[in-house]
Q: 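A single structure is presented below for examination.
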Amino acid sequence: MRSTGDQSRLFELVGRTYEAARDETLWPLIAPQIAEAFGATSAIVRVQDPVRQKLDFLLHTNQLNAKSIELYESYYDQRDVWLGRARKLSGRVVTSNDLVSDSELERTEFYNDYLIKQRLDIFYVVGAVFQVTSNQTGHIGIHRPRSSGNYEEEERRNVEEFLPHLVRALQIRARLTHEDLEKQAATEAVERSRIAIILVLRNGVIVQANREAEALLRAGEAIRSVRGQLAISSRPAAEILAARIRGAIDAVSGNEGSAGGTVLIERDRRLPLTVLVAPFRLPRPAGASAFPAAILFIRDPERVSPESAALQELFGFSPAEATIAIQFARGHSVAEVAARHDLSLNTIRTHLKNIFAKTGTTRQAELIARLLLSVATMVSAAEMK
Amino acid sequence: MSSTRPRIGELIGRVYDAAQDESLWPSVVSGIADAFSATSAVVSSGYPRILAGTENWDAQTLDNYAKYYYRNDPWLAPSLKLGVGKVFTSADLVPDSEFERTEFYNDFLRPHSNGFYIIGCLFHVAPGQMGMASVHRPHARGDYEEAERQRGIEFIPHLIRAIQVRHKLTETDIQRQIGLDGLERSQIAAIVVTGNGIILHANDQAERMLRAGDAIRSISGQLAAATKSATERLTMLIRGAIDTAAGRNGSAGGSVAIPRPNRPPLTILVAPFRPVQRGAGAPVPAALLFLRDPEWPSGLAAEPLRELFGLTAAEATIVSHLIRGRSLAEIATRHNLSLNTVRTHLKNIFAKTGTNRQTELVAFIARTVATMKVH
């Protein structure tokens, strides 16, 4: 017969576990709460990625100190007689009774050299091995000393009630973590390429803008934000952009749409901005219908230039050759480069010949395309500012 | 009462499943109505729009509520006054005799679900976004009792948390999709590797390069370049980047060109990568590789050149040849045109793009969205 107190404690633990799935910083508090909810002295939750052979996630109570955890990870996890046997009963909550007799445990290396020598005061266990995602397996172990006696059926059932919630919370965590990795890698690529991205609704309200876009909007030269709404100085460009945004959003909502397109925005005495407008589609269909938006990619040609260090690394340019190559990549002619650097036409021509040889190109237009379509135009600094 | 316990426990699990799978909400909402002996239930994640309701809340009814009736919902003001996050029942809000006379009850609730008594809660989903959950039953069934209110107090926090988890997952989805769209459109390949060169993540573009295998490939999950010297240089850059990512003194990465037979080299930028991972997850210091293939804009698409600069199809073709490094003579031969015709086209292209020379033209076009993947 279960007491209402047990139940309330369990529901409380369940709630906190899901809270941790949403807010990573709360996980460390979960292990002590598991131990407390199940009348244990220590608890461990571990998730492994067997394909990549790495530990993905670890929670443990303080009683399992750093030293003992290190020993476990480096050696004793292979000798853990409970874990080995629970693996064969994956998905089921088991107690010491289901795994190994007291006398057999007493004879194991795991017990004598680890549990005893590390003074962990652990003898009985209740726990389970479980699958988190297709490539992640986890286990939970809840322990107490010999004097507390073996776990009974009622206690095992309480853990059984908790387990699906723990697994689900770890699944939510895995999804957020994995998507985060993808997101961060992709976001960095875009930032380093100096591509401005703006997410807008049908009425031009800006939902999201990346750093490059924020800078562009702040400069406010040809494109800016007026009370959260995208505004373009040039009237004809503004009209075309609005039409493209509508077309893209119609395509998201499943209506016949033009699916976006491109727009040129002229600037005073500077190279024009170019904008690519596309429908923004979320991977989950239910999410997409609730979020009809267009995604805008904006490039400012004057922000795109190869970096000298990268050109030297990629093509073996000398510093002088790199400087000249950068001038060519901006579209300057041999005569212009010579004038800018106060060098003779012949010197520039000699440099150009070497640059051709080092890049395996034969014509200036070909060279320029090669430079501008390389990673040299990406920001290389270790920390993106 | 204890017989309803396991039911609540199971319902809690289903609510968090729905946070991850939108299609489960309708069945979860019916489950909630059952658990509270109610005839109707609704959940909102962005009040007054309703995320899901029991069958008696059809699309028209939900729309009527979000557009009109929420404004004279007699439960709304007193529940706000009671406090966001507080579980309420009818008794906390409006006397029966008063409720009976409202437009909301007579014109709205009564015709579609005959709801009269309520247990519910208003809650915060995110800054500026309010959520609501409530269950209802007819007048004849009598008001909710203390035990039922207690069940609400036990269950509703889970429902709120599930809605918040759903919100976070959606937010992450949006952020991730923005990044992925940008990456795909920019035709950049990205690979995340650990210290020993094990590939943790590769985007579609990178997967294609690994499969093509003429510059880079994966040997049992480990990244390798096609030539020995390129692999050595790449390994060195990855090590330097990972040292920096791990907080040691590293070279912070760098770039390398990988030669390919009969094609221009692939260029790779290696940078330290520190995935933001707080809490109990062990952050793995990694390196982030960006790869570009200059042949990717496999002939620029004509459409953006037409839209951006008003180029004709013939003019667009010439631009796409120039950016691939072909001379006017080569272009003329390929398309069976006279050199003069090509020159005339080029003059028009210069005029339309505001440029004066081939090099200037290529330098400009290569820095516009025309080099991005348009579709």
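Since the structure is predicted, the reported quantities are computational estimates derived from the model, not experimental observations. By convention in this document, chain letters (A, B, ...) are assigned in the order of the sequence lines, proteins followed by strands, and residues within each chain are numbered from 1.
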Q: Rounded to the nearest 0.5 Å, how far does CG of B/L269 lie from CD of A/E313?
A: 9.0 Å

Q: Are any side-chain N or O atoms of B/E360 and backbone N or O atoms of A/G331, one a donor and one an acceptor, separated by less than 3.5 Å?
A: no

Q: Contact between B/F364 and A/P272 at the side-chain level, heavy atoms closer than 4.5 Å - yes or no?
A: yes

Q: Out of A/A365, A/G15, A/A369, A/A310, which one racks up the most heavy-atom pairs below 4.5 Å with chain B?
A: A/G15

Q: Between B/D173 and A/R175, is there a side-chain heavy-atom distance shorter than 4.5 Å?
A: yes

Q: Chain B heavy atoms under 4.5 Å from A/S193: which part of the residue, side chain, backbone, both or neither?
A: side chain

Q: Using non-hydrogen atoms and a 4.5 Å limit, figure out which bit of A/V304 sits close to chain B: side chain, backbone, both or neither.
A: both

Q: Set out, in order, the CA-CA distance, both residues' side-chain angles and the distance that settles side chain to side chain contact (heavy atoms under 4.5 Å, CB included) for A/R363 and B/Q358, then state yes or no.
A: CA-CA 10 Å; A/R363 307 183 53 255; B/Q358 283 182 52; 3.0 Å; yes

Q: Using a cut-off of under 4.5 Å on heavy-atom pairs, state which of B/P264, B/A162, B/G221 scores highest against chain A.
A: B/P264

Q: Check whether A/T274 reaches the backbone of B/V369 with its side chain - one donor and one acceptor, N or O, closer than 3.5 Å.
A: yes

Q: Need one label for A/E336: side chain, backbone, both or neither, based on atoms under 4.5 Å from any heavy atom in chain B.
A: side chain

Q: Between B/R292 and A/T377, does a side chain to side chain donor-acceptor pair (under 3.5 Å) hold up when you go through it step by step?
A: CA-CA 10 Å; B/R292 290 190 87 187; A/T377 57; 3.2 Å; yes

Q: To the nearest 0.5 Å, what is the distance between OG on A/S374 and CG on B/L291?
A: 12.0 Å

Q: What part of B/R233 gets within 4.5 angstrom of chain A, counting heavy atoms only: side chain, backbone, both, or neither?
A: side chain

Q: Heavy-atom distance under 4.5 Å to chain A: side chain of B/D17, backbone, both or neither?
A: both

Q: Assess the residue pair A/Q184 and B/R176 against the criterion (side chain to side chain donor-acceptor pair (under 3.5 Å)); give the C-alpha distance rounded to whole Å, side-chain angles, the decisive distance to 0.1 Å, and a yes or no.
A: CA-CA 8 Å; A/Q184 288 177 55; B/R176 167 173 161 270; over 6 Å; no

Q: Quick check on A/T361 against chain B: is it the side chain, the backbone, both or neither that has a heavy atom closer than 4.5 Å?
A: neither

Q: Just verifying a value: how many Å separate B/K168 NZ and A/D23 CG, rounded to the nearest 0.5 Å?
A: 6.5 Å

Q: Using a cut-off of under 4.5 Å on heavy-atom pairs, state which of A/Q364, A/R168, A/M378, A/H165 scores highest against chain B.
A: A/R168

Q: So A/F11 and B/H158, would you call those rings parallel, tilted or perpendicular, with 30° and 60° as cut-offs?
A: perpendicular

Q: Does any heavy atom of chain A fall under 4.5 Å from the side chain of B/F309, the backbone, both, or neither of them?
A: side chain

Q: Taking ring-ring contact (aromatic ring centres under 6.0 Å, His included) as the definition, give me every residue that meets it alongside A/F297, ordered by chain and number, with sequence neighbours left out.
A: none

Q: With a 4.5 Å heavy-atom cut-off, do B/I178 and A/Q208 have their side chains touching?
A: yes

Q: Let's go through B/E307 and A/R244 carefully: what are the C-alpha distance in whole Å and the side-chain angles of both, what is the deciding distance for side chain to side chain contact (heavy atoms under 4.5 Å, CB included) to 0.1 Å, and is it a yes or a no?
A: CA-CA 11 Å; B/E307 286 178 350; A/R244 299 258 190 272; 3.7 Å; yes

Q: Nearest 0.5 Å, what's the CG-CD distance between A/L373 and B/E295?
A: 10.5 Å

Q: Does any heavy atom of chain A fall under 4.5 Å from the side chain of B/T355, the backbone, both, or neither of them?
A: neither

Q: What's the spacing between B/S186 OG and A/R194 CZ if we round to 0.5 Å?
A: 14.5 Å

Q: Measuring from B/I188:CD1 to A/I195:CD1, what's the distance to the nearest 0.5 Å?
A: 5.5 Å

Q: Using non-hydrogen atoms and a 4.5 Å limit, figure out which bit of A/L372 sits close to chain B: side chain, backbone, both or neither.
A: both

Q: Let me know if B/L288 has heavy atoms under 4.5 Å from chain A in its side chain, its backbone, both or neither.
A: side chain

Q: Under a 4.5 Å heavy-atom cutoff, which of A/L314, A/I240, A/I172 has the most pairs with chain B?
A: A/L314

Q: With a 4.5 Å cut-off on side-chain heavy atoms, are A/R22 and B/Q164 touching?
A: yes

Q: So do the side chains of A/R303 and B/R367 get within less than 4.5 Å of each other, counting heavy atoms only?
A: no

Q: Side chain from CB out, backbone as N, CA, C, O: work out which of these in B/P157 comes under 4.5 Å of a heavy atom of chain A, or both, or neither.
A: neither

Q: B/E184 versus chain A, heavy atoms under 4.5 Å apart: side chain, backbone, both or neither?
A: neither

Q: So for A/A329, is it side chain, backbone, both, or neither that comes closer than 4.5 Å to the heavy atoms of chain B?
A: backbone

Q: When heavy-atom pairs shorter than 4.5 Å are enumerated against chain B, which of A/V190, A/L276, A/L367, A/V277 gives the highest number?
A: A/L276

Q: Give, as side chain, backbone, both or neither, the part of A/V207 having an atom under 4.5 angstrom from any heavy atom of chain B.
A: neither

Q: Is it the backbone or the side chain of B/N203 that comes under 4.5 Å from a heavy atom of chain A, or both, or neither?
A: neither

Q: Are the side chains of B/T371 and A/R299 in contact, using a 4.5 Å heavy-atom criterion?
A: yes

Q: Given heavy-atom pairs under 4.5 angstrom as the criterion, report whether the side chain, backbone, both or neither of A/V375 touches chain B.
A: both

Q: Side chains of B/R324 and A/E366: does their closest heavy-atom pair fall under 4.5 Å?
A: no

Q: Begin from the C-alpha positions of A/F280 and B/D181 and carry the test side chain to side chain contact (heavy atoms under 4.5 Å, CB included) through to its verdict.
A: CA-CA 8 Å; A/F280 183 66; B/D181 279 5; 3.6 Å; yes

Q: For A/E19, which atoms come within 4.5 Å of any heavy atom of chain B: side chain, backbone, both, or neither?
A: both

Q: Provide the closest heavy-atom pair for B/P265 versus A/R370 in the form atom of the first, atom of the second, distance.
A: CD-NH1, 4.0 Å

Q: Quick one: which of B/S327, B/G354, B/A366 has the most heavy-atom pairs under 4.5 Å with chain A, could you say?
A: B/S327

Q: Hey, does A/V14 have a side-chain heavy atom less than 4.5 Å from the side chain of B/I12?
A: yes

Q: Non-hydrogen atoms of chain A under 4.5 Å away: do they reach the side chain of B/V165, the backbone, both or neither?
A: both

